[in-house]
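Computed over heavy atoms, backbone and side chain alike; hydrogens, waters and symmetry mates excluded.
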Amino acid sequence: MLSMSRLCFFFHQQGQFTNPETPGYVGFANLPNQVHRKSVKKGFEFTLMVVGESGLGKSTLINSLFLTDLYPERVIPGAAEKIERTVQIEASTVEIEERGVKLRLTVVDTPGYGDAINSQDCFSTIIAYIDDQFERYLHDESGLNRRHIVDNRVHCCFYFISPLGHGLKPLDVQFMKAIHNKVNVVPVIAKADTLTLKERERLKRRILDEIDEHGIKIYHLPDAESDEDEDFKEQTRILKTSIPFAVVGSNQQIEAKGKKVRGRLYPWGVVEVENPEHNDFLKLRTMLITHMQDLQEVTQDLHYENFRSERLKRGGRLSSHGYILPLSPPVISIHFIIWRKKKEVLTNCAERKLTYPSSAHKCL
């Protein structure tokens, strides 16, 4: 394949175009390179939601995943404050650049989830937030200026499960069943260093059995294509068998075997965060990075399309309080624009004395 500089026609230094030496070469093989350059220049957007009870290490894990500090000024509430605390939504956005590729990462945290004595309706705020982001995207997509739409839809949800139980709690089941049709759910077992290897495998099997029993739809990694290399196929197979991911998070650098690693130091030894033999942290990060595009596509093609079709079917939009509101002006305006465009086409056809399909008249 020719390099980036060699296109279907070469521009000579003297200002003349010359044909390439390769016979039968047109140049459209460079189209992927054009898409790549445009995507890198535009950058990427991704929104990750983390949900789980307090004290499971959600913030530490997120900071470990992206090697950044998303919560520099966070204040940990006391036990008395947690009793009366309600679920809050905290969205933190950070621009990450690696080798010229820019990522606009938004992490949506949910402090207060599961802290109250009565946690029956603690996830209604989270569901309303997810729906509001869909509603906002639909509003912007239906407007006149659609060139710079900011995508704040939740593409993935890490749901943290306590390692101290014997499986899923009733709250875990209720929450995942409430959001599994709205967002890609990835179950995560927190603080895996509190479990032995046998206890970890037993808990994983128990959680998967309960997920199947209650009909919860978690995110399933797509199968590797037949033309992929064997290493990628094996990586995909290992990632699939690792769900739910049992992880350990830490931002501390400690010395182990003569080198600096991120991990936790115990009297009996060191737990390395990025050691796949100690926990699934590296597998979780690999899953998120290598399948980030698929997570966005599933959000667009499945979850958002279901939301969009439901809204258009009802002929209105849903507020954050659950009430059906009249169709927003941008949605009305787009129908008007379509009608006006069809009218212009019919007028041009009439002026040119051309026939137009009769079905088009019915649309007016």
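Here the OG atom belonging to Ser162 is positioned 11.0 Å from the CG atom belonging to Leu168, to the nearest 0.5 angstrom. Here the straight-line distance linking atom CG of Leu302 with atom CG of Asn306 works out to 5.0 Å at 0.5 Å rounding. Taking CG of Asp109 as the start and OG of Ser92 as the end, the distance is 7.5 Å to the nearest 0.5 Å. To the nearest 0.5 Å, atoms CG (Leu284) and CG (Leu61) are separated by 6.0 Å. Here CD of Glu53 is found 7.0 Å from CG of Leu171. Values are rounded to the nearest 0.5 Å.
Under the 3.5 Å distance criterion, the side-chain polar atoms of Arg264 are left unmatched by any main-chain donor or acceptor of Glu272. Put simply, the side chain of Asp280 never gets that close to the backbone of Lys283: no donor and acceptor are under 3.5 Å apart. Without hydrogens or angle criteria, Thr93 side chain to Thr106 main chain gives no donor-acceptor distance under 3.5 Å. Formation of a donor-acceptor pair under 3.5 Å by the Gln296 side chain with backbone atoms of Glu45 is found in this model. Distance alone, capped at 3.5 Å, places no donor-acceptor pair between the Lys204 side chain and the Thr241 backbone. The backbone N or O of Glu199 lies less than 3.5 Å from a partner atom in the side chain of Thr196, making a donor-acceptor pair. No donor-acceptor pair under 3.5 Å is formed between the side chain of Asp132 and the backbone N or O of Tyr129. Between the side chain of Lys191 and the backbone N or O of Gly55 there is at least one donor-acceptor pair closer than 3.5 Å. Judged purely by atom type and a 3.5 angstrom limit, Asn279 has no side-chain atom pairing as donor or acceptor with the backbone of Ala192. Side-chain atoms of His180 come within 3.5 Å of backbone atoms of Lys177 as a donor-acceptor pair (strictly under, hydrogens ignored).
Here Glu210 pairs with Arg206 in a salt bridge; the nearest charged N to carboxylate O distance falls below 4.0 Å. With respect to Arg285 and Glu274, a salt bridge is recorded, a charged nitrogen being found less than 4.0 Å from a carboxylate O. Ion pairing between a basic and an acidic side chain is recognised when a charged N comes within 4.0 Å of a carboxylate O; Arg136 and Glu141 show no such pairing. Checked for salt-bridge contact, Asp131 and Arg311 miss the test: no charged N lies under 4.0 Å from a carboxylate O. Taking 4.0 Å as the cut-off between side-chain N and carboxylate O, Lys233 and Glu225 do not count as a salt-bridged pair.
Defined by atom type and a distance below 3.5 Å, a donor-acceptor pair is missing between the side-chain atoms of Asp151 and Tyr137. For Asp193 and His278, the side-chain atoms include no donor-acceptor pair closer than 3.5 Å.
Note that Arg153 lies in the cation-pi zone of Tyr304, set by a 6.0 Å cut-off to the ring centre and a 45° limit from the axis.
Under the 4.5 Å side-chain criterion, counting only non-hydrogen atoms from C-beta, Pro244 is in contact with Leu208. Val107 has its side chain within reach of Leu105: a pair of non-hydrogen atoms, C-beta onward, lies under 4.5 Å apart. Side-chain contact check for Tyr159 versus Val188: every heavy-atom pair is 4.5 Å or farther apart. Residues Lys182 and His303 form no side-chain contact, since every pair of their non-hydrogen atoms from C-beta on lies 4.5 Å or further apart. Between Ile189 and Val247, every side-chain heavy-atom pair lies at or beyond the 4.5 Å cut-off. The side-chain heavy atoms of Pro276 and Phe281, taken from C-beta on, include no pair separated by under 4.5 Å. Considering only heavy atoms from C-beta on, Asn152 comes within 4.5 Å of Arg104 through its side chain.
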Requested in this report: Starting from the C-alpha separation in whole Å, work towards a yes-or-no answer on salt bridge (charged side-chain N to carboxylate O under 4.0 Å, His left out) for Glu135 and Arg308.
Outcome: CA-CA 8 Å; Glu135 186 68 51; Arg308 180 177 175 274; over 6 Å; no
Query raised in the report: Does the pair Thr290 and Gln235 meet the rule for a side chain to side chain contact (heavy atoms under 4.5 Å, CB included), with working shown?
Result: CA-CA 10 Å; Thr290 58; Gln235 173 184 289; 3.9 Å; yes
Query raised in the report: Are Thr299 and Asn184 close enough, and set up right, to give a side chain to side chain donor-acceptor pair (under 3.5 Å), and what steps lead you there?
Result: CA-CA 7 Å; Thr299 300; Asn184 300 307; 3.3 Å; yes
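Residue Ile254 shares its hydrophobic cluster (ILVMFWY side chains chained together at separations under 4.5 Å) with Val261, Leu265, Val270.
When all heavy atoms of Leu203 and Gly165 are compared, the closest pair comes out as CD1-O, 4.1 Å. The minimum heavy-atom distance linking Pro163 with Leu195 is given by the pair O-CD2, 3.6 Å.
By the neighbour-count criterion of 12 heavy atoms within 6.0 Å, atom NZ of Lys217 is sparsely surrounded, having that number or fewer from other residues, nucleotides or ligands. Other residues, nucleotides and ligands contribute over 12 non-hydrogen atoms within 6.0 Å of the CD atom of Glu234.
Taking the six-membered ring where tryptophan is involved, the planes of Phe175 and Phe123 are perpendicular, since the angle between them exceeds 60° and thus also 30°. Ring planes of Phe160 and Phe158: perpendicular class, angle over 60° (limits at 30 and 60°).
Exactly one of Val185, Ile218, Val173 qualifies for a side-chain contact (heavy atoms from CB on, under 4.5 Å) with Ile211. That residue is Ile218.
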